[in-house]
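Have a look at the structure below, then the notes.
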Amino acid sequence: MNNPVVTRFAPSPTGFLHIGGARTALFNWLYAKSKNGKFLLRVEDTDSVRSTKEATDAIFKGLEWLGINWDGDPIFQKSNEMRHQDIAEQLLKKGMAYRCYATQEEIMKFQQTAKQNGTSTIYKSPWRENTSKLVKGLKSVVRLRSPNIGETVITDQIKGRVSWKNDTLDDLVLLRSDGTPTYMLAVVVDDHDMRVSHIIRGDDHLTNSARQILIYKAMGWNVPKFAHLPLINGEDGSKLSKRHGAVSVTEYKKMGYPAIAIKNYLARLGWSHGDTEYFTMDEAIKWFSLEKIGQSPARFDKKKLDSVSKFHLNKASPNDLVEEIIAFSLHQRNLIISEKQSSIFKKSINMLRERSSTFHEIIENARFFLLKPPIIVEPTDRALITQVDLKMLERLTLELTAVRWTDVALEKLLSNFVKKEQITFQTVARPLRLAIIGRKSSPSIALVLAILGRKETLNRISDALKTFKRN
RNA sequence: GCGCCCUUCGUCUAUCGGUUAGGACGCCAGGUUUUCAUCCUGGAAAGAGGAGUUCGAUUCUCCUAGGGCGUACCA
């Protein structure tokens, strides 16, 4: 029988949830779900100087928003410190580790000369073979006595076989001179204690994995399976950073992307299921496998994200979508949408969403009924309403007063009006748009009128007539 | 410097030795149209370079080039 699958996401709480971190979390989650396993969360807070509560909260919130839910309570690495130290002691006793009294200056000097000579910069501590008893009064670190013959092999679930000659791997520090455990030790011990079966993390950890395997071996522990994800780069191919635009999940949330769009897009960056571009998380779980993850780094392409987002916006159930938008505008935009507006929203959601990639854009497109009069026309557009137009709008008003107020009837009224006036549709549509929504573009004008209602429409037109006549 | 990883259209990717190298985003052209969009149709666009293995390489191997990661008492 196979061991149960346990994966984990192990962020260090030194900032927001990075988009790359989110993808790592997503793949861990997807894999665990697809194997009916567990997905755990561990906060790597061993660096007490850089770790903050705010960052921890931000990461939790980010994952929650994405719907990447973890099993059990999050584990804080710091609270396992004693356990880590205990393991280091055991290693020391077994002779698999040793105390090194070299100073940082000595090590730096060694590395400098090694670089000059073009040889390996891996520090060979003289204390490795020094069997003399403890040197009292001198600070020491505990280093792993790693093998210097043979090789270390990872059968990576994504990359295949990767190997290192052991003499290219260093005697890594397990315990700092102040006695605190390093990341290298802590991850291994925690992953072992948490019974993590698959370590899925970024490619940047590939060498670390080899070094960490040495610790597993020294302890005689089972080595988990590894899968190293190719990294996400910016649009220019360089490392993804703030200068490429938004890199935190929270920023994407604020911009109004639905969580499913982010997940769909991120999953598609590196992973594929044939030609399928759009999918739900249930489908992704069903189809997911590590073998289908590619080897090469991907670039983050916001245009593609937009199209994925547009797809999901247009697929969502209208009522759910409206609910989400109302929540979004309240929390992210501090804009309260009234009962009345929300019922208009429900009626117009289809025409709004087909031209939008984000909640934010939907709201922008809905501004014609979200805005309170008076309607402001951009100064640069004011010249587009002429005195001739105003006369025409007055004649139109008369007809609008009498018509049955449905989109079909309004459509018909407008086309008859155009014929009667012997003008193009645009001649009437443009000033009418400007008058009632203050902009040159909008969804279909008859629909807009229908949704706005007769009273509101006539009020807005009459306001516009007053304003523009004065000028 | 040393170690390791990566390399198919502009971008994300499919292909598990034999294909006119497929799809999506974007782009271009045309159509629908009521503005902005949407939508529909069509188009341009790729195996980094060089050896080898093979009847046959995008696919397997090696070399080169380019890019990335690591090389901390950070994680």
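Numbers restart at 1 for each chain; the letters A, B, ... are given by sequence-line order, proteins then strands.
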Looking at D45(A) and K78(A), would you say the former's side chain and the latter's main chain have a donor-acceptor pair under 3.5 Å? yes
What I want to find out is whether D203(A) reaches K159(A) closely enough, with some N-O distance under 4.0 Å, to be called a salt bridge. yes
State plainly whether the residues K124(A) and D167(A) are in salt-bridge range, i.e. N to O under 4.0 Å. no
Would you measure the distance from the [atom1] atom in [N] across to the matching atom in [M] and give it in whole Å?
| N | M | atom1 | answer |
| --- | --- | --- | --- |
| rG52(B) | rG42(B) | C1' | 43 Å |
| rG3(B) | rU8(B) | P | 25 Å |
| rU20(B) | rC63(B) | P | 33 Å |
| rC6(B) | rU64(B) | C1' | 15 Å |
| rC25(B) | rU59(B) | P | 29 Å |
| rA14(B) | rG22(B) | P | 15 Å |
| rC40(B) | rG26(B) | P | 12 Å |
| rU58(B) | rA46(B) | C1' | 10 Å |

Specify the residue among G294(A) and N365(A) whose closest nucleotide of RNA chain B lies further upstream toward the 5′ end. G294(A)
Please figure out whether F300(A) or M184(A) has its closest RNA chain B nucleotide nearer the 5' end. F300(A)
Determine the contact category for [X]: base if any of its heavy atoms lies under 4.0 Å from a base atom, sugar-phosphate if only primed atoms, P, OP1 or OP2 are that close, otherwise nothing.
| X | value |
| --- | --- |
| S296(A) | sugar-phosphate |
| K440(A) | base |
| S12(A) | sugar-phosphate |
| V141(A) | base |
| P11(A) | nothing |
| E364(A) | nothing |

Grab the [atom1]-[atom2] distance between [X] and [N] for me, whole Å please.
| X | N | atom1 | atom2 | result |
| --- | --- | --- | --- | --- |
| R299(A) | rC9(B) | CZ | P | 10 Å |
| I122(A) | rC4(B) | CD1 | C1' | 12 Å |
| F279(A) | rU13(B) | CZ | P | 12 Å |

Which of residues 301-314 of chain A sit near RNA chain B, with a heavy atom under 4.0 Å from it? D301(A), K303(A), K304(A), S307(A), K310(A)
Kindly state which residues belonging to residues 353-363 of chain A come within less than 4.0 angstrom of RNA chain B, counting heavy atoms of the residue only, listed by number. E354(A), R355(A)
Contacts of type salt bridge (Lys or Arg N to Asp or Glu O under 4.0 Å), residue [X], not counting sequence neighbours:
| X | answer |
| --- | --- |
| R8(A) | D191(A) |
| K302(A) | D306(A) |
| R268(A) | E277(A) |

Report the nucleotide, chosen from [options], that has the shortest atom-to-atom distance to any side-chain atom of [X].
| X | options | result |
| --- | --- | --- |
| E277(A) | rG23(B), rC6(B), rA75(B) | rG23(B) |
| A298(A) | rG3(B), rC25(B), rU13(B) | rU13(B) |
| K292(A) | rA75(B), rC36(B), rU15(B) | rU15(B) |
| S177(A) | rU34(B), rC73(B), rC36(B) | rC73(B) |

Applying ring pair (Phe, Tyr, Trp, His ring centres under 6.0 Å) to Y252(A) and not counting sequence neighbours gives Y257(A), F300(A)
List every contact pair, protein side and nucleotides 59-69 of chain B side both N or O, where the distance is under 3.5 Å.
unit_1: rC69(B); atom_1: O2'; unit_2: D204(A); atom_2: O; d: 3.3

Hey, does F368(A) have a side-chain heavy atom less than 4.5 Å from the side chain of I436(A)? no
Taking the side chain as everything from C-beta on, heavy atoms only, tell me whether T7(A) gets closer than 4.5 Å to L40(A). no
With E89(A) via side chain to side chain donor-acceptor pair (under 3.5 Å) - residues at least two apart: none
Pairwise salt bridge (charged side-chain N to carboxylate O under 4.0 Å, His left out) hits with a residue in [range], at least two apart:
| range | answer |
| --- | --- |
| residues 424-448 of chain A | E364(A)-R439(A), D381(A)-K440(A) |
| residues 147-156 of chain A | E151(A)-R161(A) |
| residues 287-301 of chain A | none |

Within less than 4.0 Å of OP1 or OP2 of [N], is there a side-chain N or O belonging to [X]?
| X | N | answer |
| --- | --- | --- |
| Q426(A) | rU34(B) | no |
| T46(A) | rA75(B) | yes |
| Q112(A) | rG1(B) | no |

Kindly say whether, by distance alone, the side chain of R430(A) makes a donor-acceptor pair under 3.5 Å with the base of rU34(B)? no
Show which side-chain atoms of residues 55-63 of chain A pair as donor or acceptor with protein atoms under 3.5 Å away, not counting sequence neighbours.
unit_1: T56(A); atom_1: OG1; unit_2: T52(A); atom_2: O; d: 2.9
unit_1: D57(A); atom_1: OD1; unit_2: K53(A); atom_2: NZ; d: 3.3
unit_1: D57(A); atom_1: OD2; unit_2: K53(A); atom_2: NZ; d: 3.0

Nucleotide opposite rU19(B) in a Watson-Crick or G-U pair, distances under 3.5 Å: none
